[in-house]
Number of protein chains: 2
Amino acid sequence: MADNADWVAAAETDPELACPTSAVVEIVFSRWTTPILWTLNRHGRQRFVELERRIGTITPKVLTQRLRQLERDGMVVRTYHPEVPPRVEYEISELGRSLAPLFAHLAEWAADNLDKVEQARHDYDTDPPK
Amino acid sequence: MADNADWVAAAETDPELACPTSAVVEIVFSRWTTPILWTLNRHGRQRFVELERRIGTITPKVLTQRLRQLERDGMVVRTYHPEVPPRVEYEISELGRSLAPLFAHLAEWAADNLDKVEQARHDYDTDPPK
DNA sequence: TATAGTAGGTACCTAGAGGAAAGTGACTAT
DNA sequence: ATAGTCACTTTCCTCTAGGTACCTACTATA
């Protein structure tokens, strides 16, 4: 069903960019967005510092930037509690959750094919062309 | 089927990065790779300049870089014909073609949800929080 | 008194990605 | 003799994503 015909058909919708997925790739797969969405989906509603600690290597500045972007795109819902100390909670939106099957698909492809990529890299590096 | 359980199950495979899809995202969705793979899949085996013209805005330097990377990752097959002028043909590999359903899935999500993202952005911009 | 915790904001800096433009080599067509 | 083709390569330059470090206000705790 999701075969070559789908791909070709979808391509017709945006002939000028030669790739109808460019827009969605920028939204969904720009830097840090997958770990953030993944963590939010995995652990449910959580606070800024929890997110920061779970992702591990992200800096607060960048985490804020990405969360704002995801909020603007409607993928994440931010709830501010005006307390002291301040409390802010982030959760994935319905739109964000609608990516779950896609992410699962991606994870499945990775499980099936990542070792092939590794193998190809090894082959290329041990016997470089020309 | 591809629901929350899949997502969670996949997450268990790489606890340290908090996101099992990071690796595959870098391989498949790094800059220019989707337009290149899309064009290769759409128009079949083709030469460097054809690719260049179809993608439109890419520079030869970057196109070469991305094609090398895709070749190393086993997504693209390069064939060199030592003629004058030189002739090089690129085609998508079997591994690359195995991404087709995933890309179709992505295009489907885009068709269903891109306008929601647009709407969310508009709402955010016309009535910014706080 | 001073320190920690929270959710950021701000200023500064650097590395690296990517663009522009020209060059290359070997041959062909005019 | 000159120009053109192809598939790059090289050089130079810009831009920006992202990192480091420090700052904010307010309170509870030691």
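Just so it is clear: chains get the letters A, B, ... in the order the sequence lines come, proteins before strands, and each one is counted from 1.
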Task: Under 4.0 angstrom between Tyr90(B) side-chain N/O and dC8(D) OP1 or OP2 - done: yes
Open item on the list: To the closest 0.5 Å, what do you measure between CD1 (Ile36(A)) and CG (Leu63(A))?
Closed with: 5.0 Å
Task: Any side-chain donor near an acceptor of the partner, Gln119(A) and Asp123(A), under 3.5 Å - done: yes
Open item on the list: Regarding Ser98(B) and Trp109(A), do their side chains bring together a donor and an acceptor under 3.5 Å, going by distance alone?
Closed with: yes
Open item on the list: Just verifying a value: how many Å separate Asn41(B) CG and Leu99(B) CG, rounded to the nearest 0.5 Å?
Closed with: 9.5 Å
Would you tabulate the nitrogen or oxygen pairs shorter than 3.5 Å linking the protein to nucleotides 1-6 of chain C?
unit_1: dT6(C); atom_1: O3'; unit_2: Arg47(A); atom_2: NH2; d: 3.1
unit_1: dT6(C); atom_1: O3'; unit_2: Pro86(A); atom_2: O; d: 3.1

Open item on the list: Between P on dC6(D) and CZ on Arg78(B), what's the gap in Å once rounded to a whole number?
Closed with: 16 Å
TODO: First locate atom CG of Leu95(B), then atom CE of Met75(B), and finally report the distance between them rounded to the nearest 0.5 Å.
DONE: 5.0 Å
Open item on the list: Between Gln65(B) and Arg68(B), do the side chains contain a donor N or O and an acceptor N or O under 3.5 Å apart?
Closed with: no
TODO: Please list, chain by chain and in numerical order, all residues satisfying ring pair (Phe, Tyr, Trp, His ring centres under 6.0 Å) with Phe48(A), sequence neighbours excluded.
DONE: none
- [ ] Return the residues of residues 59-70 of chain B meeting this criterion: a heavy atom under 4.0 Å from some atom of DNA chain C. Order them by number, or give none.
- [x] Thr59(B), Lys61(B), Val62(B), Arg66(B)
Task: Whole-Å distance separating the CD1 atom of Ile36(B) from the C1' atom of dG18(C) - done: 13 Å
TODO: Output the distance between atom CG (Asn113(B)) and atom CG (Asp73(A)), rounded to the nearest 0.5 Å.
DONE: 12.0 Å
Task: side-chain contact (heavy atoms from CB on, under 4.5 Å) partner of Trp32(B), chosen from Leu37(B), Leu67(B), Ile55(B), Leu70(B) - done: Ile55(B)
For residues 83-90 of chain B, please give each side-chain donor-acceptor pair under 3.5 Å, one per line with the distance, not counting sequence neighbours.
unit_1: Glu83(B); atom_1: OE1; unit_2: Arg87(B); atom_2: NE; d: 3.2
unit_1: Glu83(B); atom_1: OE2; unit_2: Arg87(B); atom_2: NE; d: 3.4
unit_1: Glu83(B); atom_1: OE2; unit_2: Arg87(B); atom_2: NH2; d: 2.9
unit_1: Arg87(B); atom_1: NH2; unit_2: His81(B); atom_2: ND1; d: 3.4
unit_1: Glu89(B); atom_1: OE1; unit_2: His81(B); atom_2: NE2; d: 3.2

TODO: To the nearest Å, give me how far apart CD (Glu83(B)) and C1' (dC27(C)) are.
DONE: 12 Å
Open item on the list: Could you report the tightest heavy-atom contact between Thr21(A) and Phe103(B), atom names first, then the distance?
Closed with: CG2-O, 4.2 Å
Task: Any side-chain donor near an acceptor of the partner, Arg66(B) and Gln69(B), under 3.5 Å - done: yes
- [ ] May I ask you to list the residues of residues 25-33 of chain A, by number, that have any heavy atom positioned under 4.0 Å from an atom of DNA chain C?
- [x] none
Open item on the list: Quick check on the helix from dT1(C)-dA30(D) to dT30(C)-dA1(D): what's the angle between its two end axes, five base pairs per end, to the nearest 10°?
Closed with: 30°
Open item on the list: Does His122(B), at its NE2 atom, have more than 12 non-hydrogen atoms belonging to other residues, nucleotides or ligands within less than 6.0 Å?
Closed with: no
- [ ] Specify the separation, in whole Å, of atom NE2 of His81(B) and atom C1' of dC6(D).
- [x] 13 Å
